[in-house]
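Take a look at the structure set out below.
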Amino acid sequence: MSVSMTGSGEIATPVESSKSAMTWGPIFGGAAAAIGVTLILLLLGSGVGLTMVSPWSGQSSSLGTVGVTAAIWLVVVQWLSSGLGGYITGRLRTKWAAVHTDEVFFRDTAHGFISWALATIFVAGFLASSLTSLAGAGAQAVGSAATAAGTVASSTASAMDLPTAYFTDALLRPEQARAGATSDDTAATAEVSRILLNGAAAGQIPDDDKAYLATIVSARTGLSEADARTRVDTVLKRIDDAKVAAQKAADEARKAASTTALLGALSLLIGAFIAAAAAALGGSQRDEEEDLLVTPRI
């Protein structure tokens, strides 16, 4: 605290309020209102299908459309809840007496921002918990699929490492592949599976493997060599098409996630501004009407 002397020799000390400029009651009240409105609007959005995907094939929108729609709804939720929470924060505070107008405006905006921050932290924790539960369910499904795939792989590849089994098959391919494929169906099926898996891992199937596959298909189905080669090419094209479709879906998911993150960050910034502005508006309306205390003359 600084002390100064006036021209007449009097001592002047600055006046400091004994009360804090932070009023936690209105802040918590505004944050609670914002949290309640956010949860209601999130449930409403789920109820009308803005953030849900249909379980029936062909009935849902694309992943990118669903991601953008959900992001836009979250922006609307953020803005509405921030505006209401900030306004309530400004209106619930008591009047700051003997405080400059600029200081009152700063305090109101700070109260609105802090109220928004508290509500955002709570909602973020709630959403993170929900997303963690969904991720756990997805991980369990992936684990089940991986277990099933491991069972199939162990039965078809005889628990051998795929690259070793593939090259072992290439070394031991009989000269008369047709007779071998006809005599042992299980071994032929397992070898075809290993060739396809190796081709998927390498990105393409060599021509000699394609010829060998055509020979096995011809022996197993009774087709001519030309028809068997056509069938092999058709199946391999379907595999390539499925790979391209999976890559396209993954790219759409990445773009949807990026768009959602950008819109979410932008909505948070604008939500903070709206909360601060709404608190300033509420505080200004709170101070418009003054209650005067009238004391009788003595």
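- Between Leu268 atom CG and Trp79 atom CH2 the span is 11.5 Å, to the nearest 0.5 Å.
- The ring pair (Phe, Tyr, Trp, His ring centres under 6.0 Å) test applied to Phe28 returns Trp24, not counting sequence neighbours.
- Residues passing the side-chain contact (heavy atoms from CB on, under 4.5 Å) test with Ser115, sequence neighbours excluded: Ile27, Ala31, Thr89.
- Remark: Asp251 CG to Arg254 CZ distance equals 4.5 Å, nearest 0.5 Å.
- A distance of 12.5 Å separates CG of Leu44 from CG of Leu39, quoted to the nearest 0.5 Å.
- You'll find the side chain of Thr38 stays beyond 4.5 Å of the side chain of Gln78, heavy atoms only.
- Criterion: ILVMFWY side-chain heavy atoms under 4.5 Å apart, direct or through other members. Under it, Val37 and Val76 are part of a common hydrophobic cluster.
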### Message
side chain to side chain contact (heavy atoms under 4.5 Å, CB included), that's the test. Do Arg93 and Asp108 meet it? Break it down for me.
### Response
CA-CA 9 Å; Arg93 68 159 176 83; Asp108 281 332; 2.6 Å; yes
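- A donor-acceptor distance shorter than 3.5 angstrom exists from the side chain of Ser224 to the backbone of Asp227, with no hydrogens or angles considered.
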For residues 271-283, tabulate all N or O donor-acceptor pairs below 3.5 Å that involve a side-chain atom, not counting sequence neighbours.
none

Side-chain donor/acceptor pairs under 3.5 Å, residues 231-250, sequence neighbours excluded:
from, atom 1, to, atom 2, distance (Å)
Thr234, OG1, Thr230, O, 2.8
Lys237, NZ, Asp241, OD2, 3.1

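- How far OH of Tyr87 is from CZ of Arg286: 12.0 Å, rounded to the nearest 0.5 Å.
- The hydrophobic cluster containing Leu118 does not contain Phe122, counting ILVMFWY residues as joined when their side-chain heavy atoms lie under 4.5 angstrom apart, directly or transitively.
- With sequence neighbours excluded, no residue forms a side chain to side chain donor-acceptor pair (under 3.5 Å) with Arg229.
- Rounded to the nearest 0.5 angstrom, Trp73 CH2 and Leu42 CG are separated by 8.5 Å.
- Scanning for side-chain contact (heavy atoms from CB on, under 4.5 Å) contacts around Val99 gives Trp96, Glu103, Val104, Arg107, with sequence neighbours left out.
- Atom CD1 of Ile40 sits about 12.0 Å away from atom CG of Leu80, to the nearest 0.5 Å.
- Hydrophobic clustering places Ile270 together with Val75 (ILVMFWY residues linked when any side-chain heavy atoms are closer than 4.5 Å, directly or through intermediates).
- Panel note: side chain Trp116, backbone Gly30; no donor-acceptor pair is recorded below 3.5 Å.
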